[in-house]
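Shown next, in structure tokens, is the structure this report addresses.
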Amino acid sequence: MKDHAPQPPQTALRPPATVMRLARMGAMFPTRLSFLRSLTRRLGAEGARLTRPLWRIDADGYGEAVYSIPLGGHIYSLVALSRPLSDDDRTDRVIATAWDTAYVLYDGIPDEADIARIAREAPKQEAGRFTERDLVLSRANKSVRLFAHVVDRLRAGQQPDPEVINRTGYLMRTTAVYGNGKFGIADRALIADRPGLNGPFAAEMLTVWLIRTFTHDLAEHLGRAPLDPRIKRHLGIGNSTGLGMAPFLVSHPVLLHNWMYARETALARVRALPALSAQEADTLQSLAKRAAQHLDEWQVPDPQHQARIDRIRTEWPAVQAALTDLPGDAPLDHLFHRTAGLALDTQELTVALMLEPFGPLIDDLAETMADAAGLHPHPFDTPGDVRAAIETRFPWALTPDYDAPDQSRLFWYVSEEKLEPRLGDRFAEPGADRESPLDIARRVKALHAALEGEKDLRAFRAANPEHELALARVACATGNPYAEIHDNLIAETCLPIDMLRCKLAFFGATKFDPKSDRWTRIALAQGAPLPEDLTTHRSDDWWLTGLHS
């Protein structure tokens with residue numbers, strides 16, 4: 001049997017009852033375990049070098065380009081297409097049918113026939129025809145004012161105004177990054193075992209990073225001058241994300257558990273550190289200063305969310321002060337407890353800070369965040385076993401009265417027009433008869449009640465197939481304690497934006513800019529390494545970096 005290295009010491013993990021609440025999930029920040037960070041760390045470790053075998057972009061900025069990069073023993077290429085788009089057709093909404101740019105991440109190096117096919121099909125997006133060599137499909141629109149500002153300043157022999165850059169932070173904003181077989185592209189199973197792409201959303205994150213490079217090159221091409229690397233690093237990729245992303249965390253419970261368990265294990269490991277070196281203490285203080293700069297640069301129009309940012313700014317000096325006065329024994333566990341009374345946003349930013357300097361201790365956990373197995377068969381022998389598991393793992397689901405309007409107002413469904421998840425009001429809108437099964441808490445409580453007095457689980461299952469989903473979720477939670485969101489997702493108080501932020505933080509997103517409780521804009525890869533940075537320390541040192549970092 002293969003020997004396994006002993007696991008590092010760790011404290012007790014935060015319990016799911018604390019971690020898996022929507023309010024805390026909606027306060028998460030990216031960490032060094034986020035998928036974009038894992039990607040650039042891997043590219044840097046491999047010494048990957050980006051090439052541009054095709055640049056067929058005309059003087060107006062339209063045409064095709066190809067970028068190729070090796071990763072894990074394979075070569076992947078981004079085929080980027082830039083097309084004219086009228087202002088009337090430019091929208092962030094998923095119902096759009098035309099975009100400034102379209103992209104395909106291609107498995108290998110495309111030849112002219114491949115490029116011609118992709119150039120014909122990718123601008124159609126959902127209406128196009130694709131092959132298993134096409135791994136990811138995406139599209140993006142220009143951030144028109146910032147893009148024009150950058151091009152105009154470069155043509156005038158000047159660099160863009162840093163303050164103008166910071167107000168947006170990206171030259172283009174994607175409205176979708178599709179993977180996993182959607183619209184005929186390659187199924188995830190075809191690449192799931194490949195080194196470098198075996199982590200969650202690795203192909204999508206590689207696509208985003210390559211798109212960012214294309215946006216830089218396009219602006220420099222039109223501006224006829226290079227961007228200052230410091231400004232270029234700060235120009236990430238924007239993204240508009242809505243309800244389409246929210247159900248993912250519910251429909252992939254094992255994956256959610258793996259993500260949260262890895263992060264919580266990382267936190268437990270650093271909390272168990274018996275002491276800090278002088279260099280580690282200095283690094284934490286330096287990173288806390290960087291986080292303060294990030295908070296200063298983070299402005300959003302929504303007053304409620306700006307108030308949350310303002311509160312973190314108000315509380316963050318206390319975290320910085322605590323870093324200068326840590327005890328010699330278990331210093332990070334002390335910091336963790338010392339910040340427990342602060343806002344959830346501040347607590348979770350502190351958690352992200354605590355993880356950042358300790359890559360050698362926690363980076364191995366990034367390899368545990370995929371889900372190759374899925375759900376396992378249920379482990380129960382009797383109805384009593386199931387009821388006991390529910391009472392242990394789902395006490396939060398047994399409390400609400402799901403007959404009360406406030407606890408059942410919302411229903412999730414898939415729109416017929418775009419096949420995208422949507423949210424309706426059960427008492428004011430039609431469609432509840434086509435409800436998607438995201439009402440896990442209600443189903444588990446119904447299963448608990450239905451099993452009372454039952455003696456034979458097999459007979460119960462045969463006679464009551466409507467409870468199979470709930471039974472599977474209870475079985476999943478017995479082995480995956482972080483698999484369930486501990487809130488009622490059909491209550492009128494449910495805020496889907498919290499689910500969006502949790503998932504996007506794992507992607508590595510920053511500068512959350514909610515436009516409602518159902519969709520948000522974000523920045524991806526802001527501060528990420530440029531292609532020429534991959535062989536430097538910058539490949540894995542860009543947590544919350546800003547213009548002045």
Side-chain angles (χ1 to χ4, degrees), residues 30-55 64-80 103-111 114-115 118 133-138 174 177 179 186 188 190-218 220 226-227 229-230 232-237 359-360 363-367 369-370 506-509 524-543 545:
T31 73
R32 65 178 302 109
L33 296 180
S34 297
F35 309 142
L36 261 169
R37 285 289 300 283
S38 297
L39 170 71
T40 62
R41 185 159 57 240
R42 176 73 184 242
L43 290 170
E46 293 187 2
R49 294 188 179 275
L50 182 69
T51 59
R52 194 177 73 184
L54 177 69
W55 181 260
E64 301 84 38
V66 175
Y67 295 79
S68 298
I69 194 165
L71 176 62
H74 295 261
I75 295 178
Y76 303 99
S77 298
L78 181 78
V79 181
Y103 309 89
V104 163
L105 183 69
Y106 183 83
D107 188 1
I109 300 176
D111 60 22
D114 293 316
I115 295 169
I118 291 170
R133 298 294 296 273
D134 306 322
L135 304 181
V136 177
L137 175 67
S138 187
T174 62
V177 183
R188 168 70 179 163
L190 292 177
I191 59 172
D193 294 331
R194 291 189 187 179
L197 291 190
N198 53 346
F201 293 94
E204 290 85 347
M205 296 301 99
L206 178 60
T207 304
V208 167
W209 183 76
L210 291 170
I211 290 173
R212 171 182 180 245
T213 301
F214 172 71
T215 69
H216 295 164
D217 288 357
L218 185 62
E220 291 178 331
L227 280 162
R230 180 176 58 90
K232 193 188 292 191
R233 289 188 191 97
H234 195 64
L235 287 167
I237 280 291
D363 283 352
D364 64 300
L365 293 166
E367 300 300 316
M369 297 173 77
F506 275 110
F507 284 3
L524 285 164
Q526 194 174 74
L530 304 173
E532 60 267 30
D533 295 330
L534 289 177
T535 55
T536 74
H537 75 281
R538 292 183 184 276
S539 67
D540 192 34
D541 181 19
W542 54 280
W543 180 72
T545 51

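- Here the straight-line distance linking atom CD1 of I109 with atom CD1 of I69 works out to 12.0 Å at 0.5 Å rounding.
- In this structure, D540 CG and H537 NE2 are separated by 10.5 Å, a value rounded to the nearest 0.5 Å.
- At distances below 3.5 Å, not a single donor-acceptor pair connects side-chain atoms of T51 with backbone N or O atoms of P53.
- Between F35 and F201, the angle of the ring planes stays under 30°, which puts this pair in the parallel group of the 30/60° scheme.
- A donor atom on one side chain and an acceptor atom on the other are not found under 3.5 Å apart for T40 and W209.
- To the nearest 0.5 Å, the span separating CG on L190 from CG on L197 amounts to 11.5 Å.
- Once rounded to the nearest 0.5 Å, the distance linking CG of D217 with CD of E220 reads 6.0 Å.
- Looking only at side-chain heavy atoms (C-beta outward), L206 and L71 come within less than 4.5 Å of each other.
- Here the side chain of R233 pairs no donor or acceptor atom with the backbone of Q526 at under 3.5 angstrom.
- Judged by distance alone, with hydrogens and angles left aside, the side-chain atoms of E46 form a donor-acceptor pair with the main-chain N or O of G72 at under 3.5 Å.
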Requested in this report: Check the pair V208, T174 against side-chain contact (heavy atoms from CB on, under 4.5 Å), reporting the backbone distance first and the verdict last.
Outcome: CA-CA 9 Å; V208 167; T174 62; 5.6 Å; no
Report task. Report the C-alpha separation of R194 and D107 in whole Å, then their side-chain angles, then the decisive distance to 0.1 Å, and conclude whether the salt bridge (charged side-chain N to carboxylate O under 4.0 Å, His left out) test is met. Result -> CA-CA 12 Å; R194 291 189 187 179; D107 188 1; 2.8 Å; yes
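- Within the 3.5 Å criterion, the main-chain N or O of A203 finds a donor-acceptor partner in the side chain of T207.
- Between P110 and V66 there is a side-chain heavy-atom pair separated by less than 4.5 Å.
- Atoms OG and CG, on S34 and L39 in that order, are 12.0 Å from each other to the nearest 0.5 Å.
- Annotation: side chain of W543 is in contact with side chain of R37 (closest heavy-atom distance under 4.5 Å).
- A donor-acceptor contact shorter than 3.5 Å is absent between the side chain of H74 and the backbone of G108.
- Listed for the R41 side chain is no donor-acceptor partner under 3.5 Å among the backbone atoms of D363.
- The two residues A528 and R212 have their closest heavy-atom pair at O-NH2, 2.9 Å.
- Between F506 and T31, every side-chain heavy-atom pair lies at or beyond the 4.5 Å cut-off.
- Side-chain contact between S68 and L50: absent, with no pair of heavy atoms (C-beta onward) separated by less than 4.5 Å.
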Query raised in the report: Under the salt bridge (charged side-chain N to carboxylate O under 4.0 Å, His left out) criterion, do R49 and E532 qualify, and how do the steps go?
Result: CA-CA 8 Å; R49 294 188 179 275; E532 60 267 30; over 6 Å; no
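- Under a 3.5 Å cut-off, the side chain of D114 and the backbone N or O of D111 do form a donor-acceptor pair.
- At least one side-chain heavy atom of L530 sits under 4.5 Å from a side-chain heavy atom of D533.
- Distance check, rounded to the nearest 0.5 Å: CG of N198 to CE of M369 gives 12.5 Å.
- Here the shortest heavy-atom pairing between T535 and G47 reads CG2-CA, 4.2 Å.
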Query raised in the report: Can you check side-chain contact (heavy atoms from CB on, under 4.5 Å) on L218 and T215, steps first, answer last?
Result: CA-CA 5 Å; L218 185 62; T215 69; 5.7 Å; no
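- Closest heavy-atom contact between W542 and G527: CB-O, 3.1 Å.
- Nearest heavy atom pair, residue P70 against residue L43, reads O-CD2, 4.0 Å.
- Across R32 and G359, no two heavy atoms sit closer than the pair NE-CA, 3.3 Å.
- When all heavy atoms of S138 and I211 are compared, the pair lying nearest together is OG-CD1, 3.8 Å.
- For the pair W55 and F214, the minimum side-chain heavy-atom distance is below 4.5 Å.
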**Report entry** Test log, rule side-chain contact (heavy atoms from CB on, under 4.5 Å), inputs E204 and L36
**Finding:** CA-CA 9 Å; E204 290 85 347; L36 261 169; over 6 Å; no
Requested in this report: Assess whether side-chain contact (heavy atoms from CB on, under 4.5 Å) is satisfied between M205 and F507, documenting all intermediate values.
Outcome: CA-CA 8 Å; M205 296 301 99; F507 284 3; 4.0 Å; yes
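- Taking the six-membered ring where the residue is Trp, the centroids of Y76 and Y106 are separated by 6.0 Å or more.
- Put simply, the side chain of V79 does not reach to within 4.5 Å of the side chain of L105, judged on heavy atoms.
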